Amino acid sequence: MLKHNLGYPRIGIRRELKKASEAYWSNKIDSNSLFEVGEKIREENWKLQEEANLDLIPCNDFSFYDHVLDMSLLLGVIPESYHSIPVIHNNIDLYFSMARGFQRNEWDIKAMEMTKWFNTNYHYIVPEFDKNQKFSIFSNKIFDELEESKKILKSIKKIKPVLIGPVSYLFLGKEKEKSFHKMDLIENIIPIYIKIIKKLKNEGINWIQLDEPILVLDMSEKEKEAFKYAYGEISKFCSDINIMLASYFDGMSENMFLFQDMSIQALHIDLVEDSEQMEKILSFFSRESKMILSLGLIDGRNVWKNNYANSVQKIENAIESIGEDRIMIAPNCSLIHVPIDIEYEHSIHIAIKNRMSFAKQKIYELNDLVEIVKGNKNILFKNSSLLEKSSSIFYDQKIKERMTKITDQDIQRNNHFYIRQKKQKNKFRLPLFPTTTIGSFPQTKEIRSLRNKLRKKELSQESYNEKIKDFIVDVIKKQEKIDLDVLVHGEFERTDMVEYFSDKLKGILSTNNGWVQSYGSRCVKPPVIYGDVGRISDMTVEWICFAQSKTKKLMKGMLTGPVTILQWSFVRNDQPIYHTAYQIAWAIREEVLSLEKSGIQIIQIDEPALREGLPLKKKNWKSYFDWSIKAFRISSSGVKDETQIHTHMCYSEFNDIFEHIADLDADVITMETSRSKMELLKAFSVFSYPNEIGPGVYDIHSPRIPTVEEIFDLIKKASNKLPIKNIWVNPDCGLKTRKWEEVLKSLHNMTKAAKIARKKLVNSS
Ligand code: GLN
Ligand code: ZN
């Protein structure tokens, strides 16, 4: 039974790679210094995995920015515009230009598109294909890293280069023009894969891992055909090397039949996300396959210690069906989605820390599992007793009881939207096309340095609060001057919309060093939900009420929703996810009610992560929507008819989920549309959204100032599709990352456009 790993974090324990790349980008270090940092990280990773006794250690899992972009360079998939920049002399600059754009002198070439890697919070650079896309071996990275690993690891037999498989690679990319289908490129790309595999074989390599996460999706016929073709060819031409296909992030048993008559040496499956697939796969394996089965047992997406009893049961089950020789064990997916080493955490309560495991610890868990299977029961007992929770820090009886008492009434507003809408309109007396913003205003250097001083205790909490209040007063004046209708307090007291709340809620902790790569050099430090979640005291009320006291206009309270808090955290795995979601939701509900009681009449509950939580397979969507919508409704339904609930989501691909969004029953939803020029509105031709909606009228992601005319045009477009009384006018996301100068001008044009719309568009309704 071999132990292996699919990929190890590459940012470095002190985020060395982040620091080095940023220094390189700002010309503070040269490329050699950058390469040295990369080399050092790789060396550490390999040595650590060798010390932990892994039988197969990944190589080429390192990346300076993104492993999908690495594949594009390896295969020579470089869009024309980057090829033609004459001032780029080396691959690393070409590589970074593709990732980040290239602005110098007369050159202004945009970065390539970036999007989420399956249902994770990691973002990859989307490959771009031409109709006649040529593939070739362009970059030498994989071979260079292999050479390097040979020098560091004792046995070349242990080295397992990792690549994204051809079908998933094509799937992840996009066609530059509509005249062809990317899967048609399979015949062009396969010869290059074969060449690469042969070259690796010639270097003495025994095993190659090809990642094919497409196997866990609902594959189209075309994708299935491409898959059969690809691996038919690869197994024909590369029969003298062991190929492992890795599936992860969900089960793949629906696609098991693709492996009929295919001579691939090993298949890796994810038993963390889908343990039920085991039975079907084992029966296929015992019937018609000689393949080795790699069991993905250790959770590469969460921070908890493995439950050895569960894993061992799976291993024994597999041994019984197909024999020990045909089994490998591993984490379910690459470990880039978890932090590196729990030993760097010094302030986590020991009872919690004892239950946690980061990448390094996860590697050692594989060893333990082998030991247990060999008969060492002590390790098993120790693990079981660690995982048993006795401490009161995990449990809160009151919260648990409250959860059992949630009734249908708790998830329903008192009256239907049209009754609420009338009451709210009467009370608020807002003009048609009311204007508002999404919540945050620019987080300037000044604010960040305030926070730094508070952290370093150079500033007392009181003086910090006073200074934040000055910012609030200022942002209110600015909004009044721009003549916005519904104001916000600006969110200056928050670093991050999830961290702010997780720091204040019971049952959630922040790590000191639990960094995970989000994209390129950008890392995030997700909070850890370890126990029952509840509200200890008011979290936002004081700020919002202070803001309201400074203006006669309506002040919108600003909260982060339960699904987003959950989605951007590491979640406890000892109870169904919906239990945790409802606990967070109840805490937010209490905050909503406290705001209402304090006189706040409009409250926004942001749910930007609702869509990204969507399961990869359609068959699982229903149950996801059932609990996520219920969670939102728990948090939002306790208020009076007259209290207006807003929500915000920042993406425009809604068409397939619009009815579910409507089920949230928020009085107002604000969302992104401007980047897609109101693409969203197409959805309204099929489904008429019942409540009020603010389709974003300008793109906050760009520094460009939108003109009054173009905003007016978008409002006009919206009013052709939606009842005018339901339309709000707002930017498409928070303004946190923008400069004040841009914000003032843009919002000024926005309110101006809304005023013109009130004159020009209203009579026609
Ligand atoms: N209220 C938040 C803000 O304005 C919303 C952020 C988001 O949509 N991601 O920053
Ligand atoms: Zn947003």
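When a ligand or atom number is given, it counts from 1 through the structure's own listing order. These numbers come from a predicted model, not from an experiment.
A salt bridge does not link Glu480 with Lys550: none of the charged nitrogens is closer than 4.0 Å to a carboxylate oxygen. A salt bridge links Arg535 with Glu590: the distance from a Lys NZ or Arg NE/NH1/NH2 to an Asp or Glu carboxylate oxygen falls below 4.0 Å.
Protein contacts to the Zn ion (ligand 2) involving N, O or S atoms at a distance below 2.8 Å are His648 NE2, Cys650 SG, Cys733 SG.
Sorted by first and then second residue, the pairs that involve residues 472-518 and meet ring-ring contact (aromatic ring centres under 6.0 Å, His included), not counting sequence neighbours, are Phe471-Phe492.
The one candidate from His748, Lys752, Lys553 that meets the side chain to side chain donor-acceptor pair (under 3.5 Å) condition with Asp483 is Lys553. Paired with Thr436 under the rule side chain to side chain donor-acceptor pair (under 3.5 Å), one option of Lys556, His646, Gln604, Gln479 passes, and it is Lys556. Screening Asp410, Ile399, Val533 against Trp586 for a side chain to side chain contact (heavy atoms under 4.5 Å, CB included) leaves a single residue, Asp410.
In this view, Lys116 and Asn121, Glu612 satisfy the side-chain hydrogen bond (donor to acceptor under 3.5 Å, both in side chains) rule, not counting sequence neighbours.
Between Tyr122 and Trp117, the ring planes are perpendicular. Angles over 60° get that label, and only those under 30° would be called parallel.
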Can you produce the list of protein nitrogen or oxygen atoms under 3.5 Å from a nitrogen or oxygen of ligand 1, alongside each distance?
residue	atom	partner	partner atom	Å
ligand 1	1 (N)	Ile438	O	3.1
ligand 1	1 (N)	Glu491	OE2	2.8
ligand 1	1 (N)	Asp606	OD2	2.7
ligand 1	4 (O)	Ile438	O	3.4
ligand 1	4 (O)	Ser440	N	2.8
ligand 1	4 (O)	Ser440	OG	3.1
ligand 1	8 (O)	His648	NE2	3.0
ligand 1	10 (O)	Ser440	OG	2.8

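Remark: aromatic rings of Phe96 and Trp25 are close, center separation under 6.0 Å.
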